[in-house]
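Just so you know, ligand 1 is whichever comes first in the structure, and atom 1 is the first atom listed for that ligand. Residues take their numbers from the sequence shown, with the count starting at 1.
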Amino acid sequence: MQSDVIYLDYAATTPVDPAVVRAMTTCMGPDGDFGNSGSATHVFGRRAAVRVDEARAQVAALLSAQPDEIIFTSGATESNNLAVLGIARSNGDRGRHIVTSRTEHKAVLDPCKRLEKEGFSVTYLTPDRSGRIDPEAVQAAVRPDTILVSIMFANNEIGVIQDVGGIGAICRKRGITFHTDAAQAVGKIPIDVSTLPVDILSFTGHKLYGPKGAGALYVNHSARPRLHAVTFGGGQERGLRPGTLATHQVVGLGEACALARELLPAEAPRLGAFRDRLWAGIAGLGGVHLNGEGASRLPAVLNVSFEGVEGESLVMGLAELAISTGSACNSASAEPSYVLRALGRDTQLAQSSLRFSLGRFTSEADVDTAIAAVNREVRRLRSLSPASTEVPSGGDGALHGEGGGPGQDTWIRFHLTVAGDVVKDARFQAYGCPHTLAVAAWMAKALPGRRREALQPGTPAEWAAEHGVPVEKLGRLLVIEDAVQACVRRWPERA
Ligand SMILES: *Cc1c(COP(=O)(O)O)cnc(C)c1O
């Protein structure tokens, strides 16, 4: 990949493999197989239909399914919606209870919330501290009116793999349809639906080096009568997902599945070794928690939380890495990762999590760069924190004032050296989001030369305007004001 930034966010999306790009481009132009695969009357349509059939066979082969058990969709969100809404609505006369988990992707949770509005009741299982859903918990949650259990194959944030076989067996025994969201698992670990007790399985192309906007739903033959369409039109895909098939997307998905099937036996151990190397290189810092520890996990996903470090500041300092964080500092919601919260992680640890996800184009050198960068940045932020036992140089014997504190989202301490009525030197320690750190650093520069009576330069609202801090975060700047005011109060009468 041509970039100064190392891409370690393969669980968010993957680049399309060049071989997949080539296959897709043969389905679009005037010399390609651009026809409508439903047009059986001429050669253009028939050629497109052949390409679609080939792709369906490639997708099925990856899962050990039959080609006619594959429904093409636009991705895992659509597949999950079709599965959850389609199963529930077609079984409403048999029962109205659904079992799922708190750590599902929103593409399962939101359709479940929709169904609650339609009168269904949903049980959201809480995982254990490792992120696992115990099949016994599913057994205990199902009722005579349960019509659907939906538990993901592997979690997108922490990579924890569920006991799909164990959960499916319970559903089979009770005659309950079992759906699994396998968007993170397909192509990453072996999946054989000919032996797994799974009725319906969702996945998507862009997590396995295929195109975005292409996905599939595996529907076991015996489960089909219990699945109803949620969209209506030309009857394609057995009426379950009508609409002209996007030949190039379908062909890209097929090619991606064929490649994944070929590469999986070598890629899984290669990436698993990289993941372990990464963990070993980071764990030495101390105060690092492996999220999903003790559970079986995807080979290429590593999710860790750092004590004493704020996630957003950490990610910002790791400019050479493209990674994701469970921190909600900059996102619309104030809540950090609901998945880590469901595991019982406290807000600080949920807020300080990083997800590294490795992939086909990751090298050992990339992993080593990541290890060095994380070590550097975590050490830097920890030494900057008021929790550090290292006093900033020049801060010795100075008067200090604090705002916020341990366990809060912001903690600031200023160290002032004063002579009489005037600040001679100012140092700071800070824990918090990047905005907080930036304003604290600016403040430490602004204080020298100022007098006790007029120590504070301006107001938090003015600092926010100057530094581009969003209004929602003004509260954090009030903590900086608290620290400045604490310095004023502690200023000796005759220094
Ligand atoms: C990415 C992902 C989805 C959504 O897939 P799209 O193809 O983007 O709609 C659903 N579930 C899981 C577990 C995912 O990782």
Seminar exercise, completed: Note: ligand 1 atoms sitting under 4.0 Å from heavy atoms of Ala76 are 3 (C), 4 (C), 5 (O), 6 (P), 7 (O), 9 (O), 10 (C)
Exercise. So how far is it from Ile151 CD1 to Leu125 CG, rounded to the nearest 0.5 Å?
Worked result: 5.5 Å
Exercise. Which ligand 1 atoms are under 4.0 Å away from a heavy-atom of His206?
Worked result: 6 (P), 7 (O), 8 (O)
For this session: Could you tell me whether some N/O pair between Asp181 and ligand 1 is separated by less than 3.5 angstrom?
Result: yes
Exercise. Quick one: do Arg241 and Glu78 make a salt bridge, cutoff under 4.0 Å?
Worked result: yes
Exercise. Under 30°, 30 to 60°, or over 60°: which ring-plane class applies to Tyr209 and Phe361, parallel, tilted or perpendicular?
Worked result: perpendicular
Exercise. Considering only heavy atoms of Gly75, which atoms of ligand 1 have at least one such atom less than 4.0 Å away?
Worked result: 7 (O)
Problem set entry | Contact check, side chains of Asp9 and Ile323, non-hydrogen atoms, under 4.5 Å | no
Seminar exercise, completed: The side-chain hydrogen bond (donor to acceptor under 3.5 Å, both in side chains) partner of Arg56 among Glu69, Gln66, Glu237 is Glu237
Problem set entry | Numbered atoms of ligand 1 (with element) below 4.0 Å of Thr204, judged on heavy atoms | 6 (P), 7 (O)
Seminar exercise, completed: To the nearest 0.5 Å, atom OG of Ser39 lies from atom CZ of Arg47 at 13.0 Å
Exercise. Looking at Met152, which atoms of ligand 1 are within less than 4.0 Å of one of its heavy atoms?
Worked result: 13 (C)
For this session: Within a distance under 4.0 Å of any heavy atom of Ala183, pick out the atoms of ligand 1 and give their elements.
Result: 2 (C), 11 (N), 12 (C), 13 (C), 14 (C), 15 (O)
For this session: Give the residue and atom name of whichever protein heavy atom lies nearest to atom 9 (O) of ligand 1, and the separation in Å to one decimal.
Result: Thr77 OG1, 2.5 Å
For this session: Have a look at His105, Gln184, Lys106 and point out the one with the heavy atom closest to atom 3 (C) of ligand 1.
Result: His105
Problem set entry | Protein residue, atom and distance nearest to atom 2 (C) of ligand 1, heavy-atom basis | Lys207 NZ, 2.4 Å
Seminar exercise, completed: One finds that the ligand 1 atoms under 4.0 Å from a non-hydrogen atom of Asn156 are 13 (C), 15 (O)
Exercise. Does Lys106 make a cation-pi contact with Tyr338, if we ask for NZ or CZ under 6.0 Å from the ring centre and within 45° of the axis?
Worked result: yes
Exercise. Under 4.0 Å between a Lys/Arg side-chain N and an Asp/Glu carboxylate O for Arg132 and Asp128?
Worked result: yes
